[in-house]
Protein chains: 2
Amino acid sequence: MLSELAASGPTTEFRTVWWDAGAVCLIDQTRLPHTQAIITCRTLADVAHAIKAMQVRGAPAIGITAAYGLALVAQQTAVFSDLPTMLALLEAARETLNAQRPTAINLSWATARMLRVAERAAYMQAEPPTLAARLLAEAHTIHAEDLAMCHAIGRHGASLIPERGHVLTHCNAGGLATAGYGTALAPIRTAHAAGRAMHVYVDETRPFLQGARLTAWELQQANIPLTLITDSMAGFMMQQGAIDCVIVGADRIVANGDVANKIGTYTLAVLAQAHQLPFYVAAPSSTIDVTLADGSEIPIEQRDPREVTQLAGQQIAPLGVAAAHPAFDITPHHLITAIITEQGVITPPFGPTLAAHAHAALAPAE
Amino acid sequence: MLSELAASGPTTEFRTVWWDAGAVCLIDQTRLPHTQAIITCRTLADVAHAIKAMQVRGAPAIGITAAYGLALVAQQTAVFSDLPTMLALLEAARETLNAQRPTAINLSWATARMLRVAERAAYMQAEPPTLAARLLAEAHTIHAEDLAMCHAIGRHGASLIPERGHVLTHCNAGGLATAGYGTALAPIRTAHAAGRAMHVYVDETRPFLQGARLTAWELQQANIPLTLITDSMAGFMMQQGAIDCVIVGADRIVANGDVANKIGTYTLAVLAQAHQLPFYVAAPSSTIDVTLADGSEIPIEQRDPREVTQLAGQQIAPLGVAAAHPAFDITPHHLITAIITEQGVITPPFGPTLAAHAHAALAPAE
């Protein structure tokens, strides 16, 4: 399997990120759904820019991309560097990559894992090209594991979707946010594949419109019935009895079960509670960060306000108007019905089981 | 004053709708804030289209526009019609206008008021040109009264805004939604004019972006500090303690105090309650409809889903994706702290006082 992976990574319906002939390739998510353009990152700067500019987004997909980014650095530096220099360059590259998006933990989780492999190889006095090969193999493993975890999330979560259920989701926690199958969309995909009738309400997810552009596209491709709504319609739909449950992804889940996810998630959780609807979070255990006690410690990325005042390059607000753009919000654990990871469905109290899942995720695969 | 009004209507900072030489003039609100284009409606069809296409929007402004629309019909038909024909044509015109936007009550309130004046004039055997003149005078009166009511709402509501208060508003319930001063924005304008420090958070209000395009523009013109946010950020801002109260307008307030307003309003009311923040509704008493017992009886306008899948003429979702576009939602009275009309501040139980305000609004001015 590894030799097949060495070519590109696991095979899925569509590819979010893959390795091709010494470059990190991405589908440009800023241009979907109208244009399926491929970005070829040949340098660390290319990879960092793609993450910052959200050409690749979604916590797990960012982690995979960063892992390939470090494999790229290793391959390029192995030609002219000794081991200490390689390690120093990889450490610097890790810091560059981690700085691009502060909220999602999968980014720093993936780069830390890559650095551990590099350090182990260096400790064993591996030759620089061998170290580079091990890093590429590790990136492929992270990639393949993500896909496997998403399928497991689908199996665990599918039973939570009622027959003929109406599911609301926010942002894109689908194949494009991962190696290709999704986190929040995984239970939906799995239930749909099992022939279960369902309907998905998709929040458009301003300002970046991941719902309108990406989730709607994925569901359309998979022939899963959907209705696109503006974020402001979710409360009305719940009030009308049109929603049975909410499933979202996560960018970081901390020790007590508080969840950072795309801005607007917290509002949905408040609305779900007010309407007594289940509110589910689906994420691989690489998203769990037990080093933080609660959500107040999670750094919230503040993005350029022009992403709010402009849309697709068009100015929508008057020039000179101030805008805020927190890219994420924190949903407190008491609003969450269950957290679905690849290891199972966790119900409150979340703390002990989250710690166990996180621990299992950190254990070496071999 | 009436002779001055006869020229155009009351004078404000900017003009939303006015009468000019036998035509109904409007600022085209679909083109703000970038272009301040004037639309000149010379026929009933022009007026109906302007209302349907939301070139003029905001419940009170729609009412004023419809009143001028009937004055236009009267003026044009007076040339060739006898009284019964004029009345029949006015009745048909009323039905055409009322059908353009079903949710806001001010439209049918204004047209009913115009028809009563026409019927009284016909009963008194007025000459057709006299009837037309009376209808134009009545439209000017509705226009001037709206401005006076908005200023009164400002006086009553200003004290509800705390010193250095952070106020969240949704959609545009400002001067552009009325004769020129606003409903939800009236307390903000009045408090600001009195030198009170404050900050307004403006929901962009998808899909039509009335917040980003119109409210932001109005507040910028009035030098009132503001921060534009996406609708999905309101919950986060409340959670962060950045909001002290919410003020919105209304398209219809029914007997028990349930309120129809722009889609997204209900979500804000749920969020305000979850954060124990006051939630205020500001509207002239022409918005009160005591013929309906509760909000479930209010017709919710379903608009073209392309207003969700497209933005400023650009397709944002994949082609063929289904979307919903309920233009309004219903906020139940138990989520509302107070309703501000030109007659004062109404606190729960709303029923009896709403009935009294509605009755006073129906009484003839003379």
Side-chain angles (χ1 to χ4, degrees), chain A residues 32-34 170 201-207 209 212-213 216-217 219-220 225-237 239-240 242 262-271 273-275 300 305 308-309 311-312 314-326 328-330 332, chain B residues 32-34 170 201-207 209 212-213 216-217 219-220 225-237 239-240 242 262-271 273-275 300 305 308-309 311-312 314-326 328-330 332:
Chain A
L32 283 173
H34 307 307
H170 188 66
Y201 282 86
V202 177
D203 266 3
E204 66 174 4
T205 317
R206 278 281 292 151
L209 296 167
R213 297 189 301 106
W217 180 76
L219 294 175
Q220 193 183 46
L226 76 126
T227 301
L228 179 65
I229 60 174
T230 65
D231 306 325
S232 61
M233 292 173 192
F236 174 76
M237 291 299 170
Q239 191 189 38
Q240 300 288 305
K262 181 52 53 196
I263 187 76
T265 302
Y266 168 65
T267 290
L268 292 186
V270 170
L271 287 169
Q273 189 182 56
H275 296 86
I300 301 285
V308 171
T309 55
L311 201 133
Q314 259 189 304
Q315 183 76 18
I316 52 178
L319 285 171
V321 159
H325 186 185
F328 300 92
D329 61 24
I330 308 296
Chain B
L32 283 173
H34 307 307
H170 188 67
Y201 282 86
V202 177
D203 265 3
E204 67 173 5
T205 317
R206 278 281 292 152
L209 295 169
R213 296 189 301 105
W217 180 75
L219 293 174
Q220 192 183 48
L226 76 125
T227 301
L228 179 65
I229 59 174
T230 66
D231 306 325
S232 61
M233 293 175 193
F236 174 75
M237 291 298 170
Q239 190 189 37
Q240 300 288 304
K262 181 53 54 195
I263 187 75
T265 302
Y266 168 64
T267 290
L268 291 186
V270 171
L271 287 170
Q273 189 183 56
H275 296 87
I300 300 284
V308 171
T309 55
L311 202 137
Q314 262 188 301
Q315 182 77 18
I316 51 177
L319 285 170
V321 159
H325 186 186
F328 300 92
D329 61 24
I330 308 295

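Protein chains get the first letters and strands the later ones, always in sequence-line order, with residue 1 at the start of each.
Among Gln220(B), Arg213(B), Gln239(B), the residue making the largest number of heavy-atom pairs under 4.5 Å with chain A is Gln239(B). When each of Gly320(A), Pro207(A), Ala212(A) is checked for heavy-atom pairs under 4.5 Å with chain B, Ala212(A) comes out on top. When each of Ile316(B), Ile229(B), Thr205(B) is scored by its heavy-atom pairs under 4.5 Å with chain A, the top score falls to Ile316(B). Taking chain B as the reference chain and counting heavy-atom pairs below 4.5 Å, the highest number among Gln273(A), Met237(A), Met233(A) is found for Met233(A). For the set Val308(B), Leu271(B), Leu228(B), the count of heavy-atom pairs under 4.5 angstrom toward chain A peaks at Leu228(B). Ranked by heavy-atom pairs under 4.5 Å with chain B, the list Pro305(A), Pro326(A), Ser232(A), Pro33(A) is led by Ser232(A). Note on Ala323(A), Gly235(A), Gly264(A), Pro318(A): by heavy-atom pairs under 4.5 Å with chain B, the leading option is Pro318(A). Of the residues considered (Leu319(A), Thr230(A), Asp231(A)), Thr230(A) shows the highest number of contacts with chain B, using heavy-atom pairs under 4.5 Å.
Residue Gln240(B): no heavy atom, backbone or side chain, is found under 4.5 Å from chain A. For Phe328(B), the part lying near chain A is the backbone, with the side chain staying farther off; criterion is any non-hydrogen pair under 4.5 Å. For Ile263(A), the parts lying under 4.5 angstrom from a heavy atom of chain B are both the backbone and the side chain. For Tyr266(B), the part lying near chain A is the side chain, with the backbone staying farther off; criterion is any non-hydrogen pair under 4.5 Å.
Proximity of Leu209(A) to Leu311(B): side-chain heavy atoms (C-beta onward) are nowhere separated by under 4.5 Å.
Closest of all the heavy-atom pairs between Ala324(A) and Thr227(B) is N-CG2, 3.6 Å. Pairing each heavy atom of Ala317(B) with each of His34(A), the nearest pair is O-CE1, 3.5 Å. Here the closest non-hydrogen pair linking Val270(A) and Ala274(B) is CG1-CB, 3.7 Å. Annotation for Val321(B) and Ala216(A): closest pair CG2-CB, 4.1 Å, computed over non-hydrogen atoms.
A distance of 4.0 Å separates CD of Glu204(A) from CZ of Arg206(B), quoted to the nearest 0.5 Å. The distance from the CD1 atom of Ile330(B) to the CZ atom of Phe236(A) is 7.5 Å, given to the nearest 0.5 Å. The CD atom of Gln314(B) sits 5.0 Å away from atom CD of Gln314(A), with the distance rounded to the nearest 0.5 Å.
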